[in-house]
**Q** 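Sharing a structure below in structure tokens format, with a few things to ask.
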Amino acid sequence: MKDQQINLPYFDVLLTLLDSGHPEIDLAFGRHVHWGYWSNPEQALNTPEDFSKAAEQLSCEVYSAANVKNGQSVLDVGCGFGGTIASLNEQFLGMNLVGLNIDERQLEKARKKVVPQNGNTLRFEQGNACALPFPDQSFDVVLAVECIFHFPDRQQFFQEAFRVLKPGGHLSLSDFVPIAWFLPFMRLFNSKSSNPGFYGNFDLQYTAKRYRKLAAKTGFEQLLERNITVNTLPTYKFLWTLKQDFKLEDFSAFSQTSIIALISQLELLRYMIFSFLKK
Ligand SMILES: C[S@@+](CC[C@H](N)C(=O)[O-])C[C@H]1O[C@@H](n2cnc3c(N)ncnc32)[C@H](O)[C@@H]1O
């Protein structure tokens, strides 16, 4: 996909900040670009160090749900700057690790940062989550950490994940999931226009029930549906601190993040981890 078709303003801002050398931004978002997970949210410290540990933990929570083991082939779809691949590379031995992203600029950073260790092989490839450039049955695990809401079509992604997984393989992902009665209000917030805001095109209309149906339709058995909203909430306080420290005045960044923060605090939008098995 050509660069002009990629519209992710938050990554444009992030890449500019990272390239101008801000250590706090590098610590917070130079590895993972997702929310944090705090086992004890009341003990969150609201510092870049603490946030980076929480972001690392969120990746661990998602790949633990896929039952990752030494010696496996793992595909991380929408891999950002390669943080989840980096974490797997540090924690496991003899792995075949592949990160896929639509945005070549992020992949360039990932290739520079993540060096194989522990007898692992790794590579980062450009491509679309809904047309995976890999043969059938080539992975034990497929991951999609906090990115499925950007993909053009969840069903196509599930079909592709099913195709590239070996029998017995796991798909594990995290997503923002509205509760059923709030869905009509989410429709107002969804962004699929020629001029989307700070977070680009996204679709936050997939309820837990729709995930269950999608799994059944595409041949997966659902193994896990875990609500971790409360563990992610300190993320918002940290984002407000960054906004003030870096004088980030973009109105759509502020308004979109405020809405997500509010409806997450009210548990109308849940942060969830799902895991599925290809039998
Ligand atoms: C919120 S970031 C998460 C990045 C990474 N998973 C992480 O947790 O650090 C969303 C990612 O999805 C990627 N993305 C968006 N649409 C995509 C698509 N159609 N195919 C592959 N990756 C995509 C973006 O480029 C970005 O890296």
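Residue numbers count from 1 along this sequence. These numbers come from a predicted model, not from an experiment. In each ligand, atom 1 is the first atom listed, and ligand 1 is the first ligand listed.
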**Q** Answer yes or no: is there a side-chain heavy-atom contact under 4.5 Å between Met95 and Ser73?
**A** no
**Q** For atom 15 (C) of ligand 1, what's the nearest protein heavy atom and its distance?
**A** His150 CB, 3.5 Å
**Q** Under a heavy-atom criterion of less than 4.0 Å, does Val33 contact ligand 1?
**A** yes
**Q** How far is atom 14 (N) of ligand 1 from its nearest protein heavy atom, and which residue and atom name does that atom have?
**A** Ile102 CG2, 3.9 Å
**Q** Do Asn128 and ligand 1 have an N or O pair less than 3.5 Å apart?
**A** yes
**Q** Is a donor on one side and an acceptor on the other found under 3.5 Å between the side chain of Ser172 and the backbone of Tyr63?
**A** no
**Q** Given that the side chain starts at C-beta and the backbone is N, CA, C, O, which of these parts of Tyr199 lies under 4.0 Å from ligand 1, counting heavy atoms, or is it both or neither?
**A** neither
**Q** Check Leu8 against ligand 1 and report side chain, backbone, both or neither, counting heavy atoms closer than 4.0 Å.
**A** side chain
**Q** How close does the nearest protein non-hydrogen atom get to atom 13 (C) of ligand 1, and which residue and atom is it?
**A** Asn101 OD1, 3.6 Å
**Q** Does Phe149 reach ligand 1 with a nitrogen or oxygen that is under 3.5 Å from one of the ligand's nitrogen or oxygen atoms?
**A** no
**Q** With the threshold set at 4.0 Å, does a side-chain nitrogen-carboxylate oxygen contact exist between Glu108 and Arg105?
**A** no
**Q** Show me which atoms of ligand 1 lie under 4.0 Å from any heavy atom of Gly80.
**A** 4 (C), 5 (C), 27 (O)
**Q** Under a 4.0 Å heavy-atom limit, does Phe11 contact ligand 1 with its side chain, its backbone, both, or neither?
**A** side chain
**Q** Which residue supplies the protein heavy atom nearest to atom 12 (O) of ligand 1, what is that atom called, and how far is it?
**A** Cys147 CB, 3.3 Å
**Q** May I ask you to list the atoms of ligand 1 that are less than 4.0 angstrom from any heavy atom of Glu146?
**A** 1 (C), 2 (S), 3 (C), 10 (C)
**Q** Would you kindly check if the NZ (Lys) or CZ (Arg) of Arg154 is within the cone defined by 45 degrees around the ring axis of Phe157 and under 6.0 Å from the six-membered ring centre?
**A** no
**Q** For a quick check under 3.5 Å, do Tyr211 and Asp175 share a side-chain donor-acceptor pair by atom type?
**A** yes
**Q** Pairing donors with acceptors under 3.5 angstrom, does anything connect the side chains of Gln57 and Glu61?
**A** yes
**Q** Walk me through whether Tyr206 and Phe149 qualify under ring pair (Phe, Tyr, Trp, His ring centres under 6.0 Å).
**A** CA-CA 9 Å; Tyr206 236 75; Phe149 43 79; over 10 Å; no
**Q** Does either side chain, that of Thr257 or that of Tyr199, offer a donor lying less than 3.5 Å from an acceptor on the other one?
**A** yes
**Q** Is a side-chain N or O of Ser258 found less than 3.5 angstrom from the main chain of Phe254, in a donor-acceptor match?
**A** yes
**Q** Do Ser174 and His34 get their side chains close enough for a donor-acceptor pair, meaning under 3.5 Å?
**A** no
**Q** For Val145, take its heavy atoms, then give the atoms of ligand 1 lying under 4.0 Å from any of them.
**A** 3 (C), 5 (C), 6 (N), 8 (O)
**Q** Would you mind listing which atoms of ligand 1 come within a distance below 4.0 Å of any non-hydrogen atom of Tyr10?
**A** 1 (C), 2 (S), 10 (C)
**Q** Please identify which atoms of ligand 1 are closer than 4.0 Å to at least one heavy atom of Pro152.
**A** 19 (N)
**Q** Identify, by atom number and element, the atoms of ligand 1 in contact range of Cys79, meaning under 4.0 Å from any of its heavy atoms.
**A** 5 (C)
**Q** Is there a donor-acceptor pair closer than 3.5 Å between any side-chain N or O of Gln91 and the backbone N or O of Leu88?
**A** no
**Q** How far is atom 27 (O) of ligand 1 from its nearest protein heavy atom, and which residue and atom is that?
**A** Gln106 OE1, 2.5 Å
**Q** Would you check the N or O atoms of His34, main chain and side chain alike, for any that come under 3.5 Å of an N or O of ligand 1?
**A** yes
**Q** Ignoring hydrogens and angles, state whether a donor on the side chain of Tyr236 or Gln265 is under 3.5 Å from an acceptor on the partner side chain.
**A** no
**Q** Quick one: which ligand 1 atoms are inside 4.0 Å of a heavy atom on Gly127?
**A** 20 (N), 21 (C)
**Q** Can you list the atoms of ligand 1 that are under 4.0 Å from a heavy atom of His32?
**A** 9 (O)
**Q** Would you confirm whether Glu24, through its side chain, and Pro48, through its main-chain N or O, come within 3.5 Å as a donor-acceptor pair?
**A** no
**Q** In the protein, which heavy atom is nearest to atom 20 (N) of ligand 1, and how far is it?
**A** Ala129 N, 3.0 Å
**Q** Quick one: look up the protein heavy atom nearest atom 4 (C) of ligand 1 and list residue, atom name and how far away it is.
**A** Gly78 O, 3.3 Å
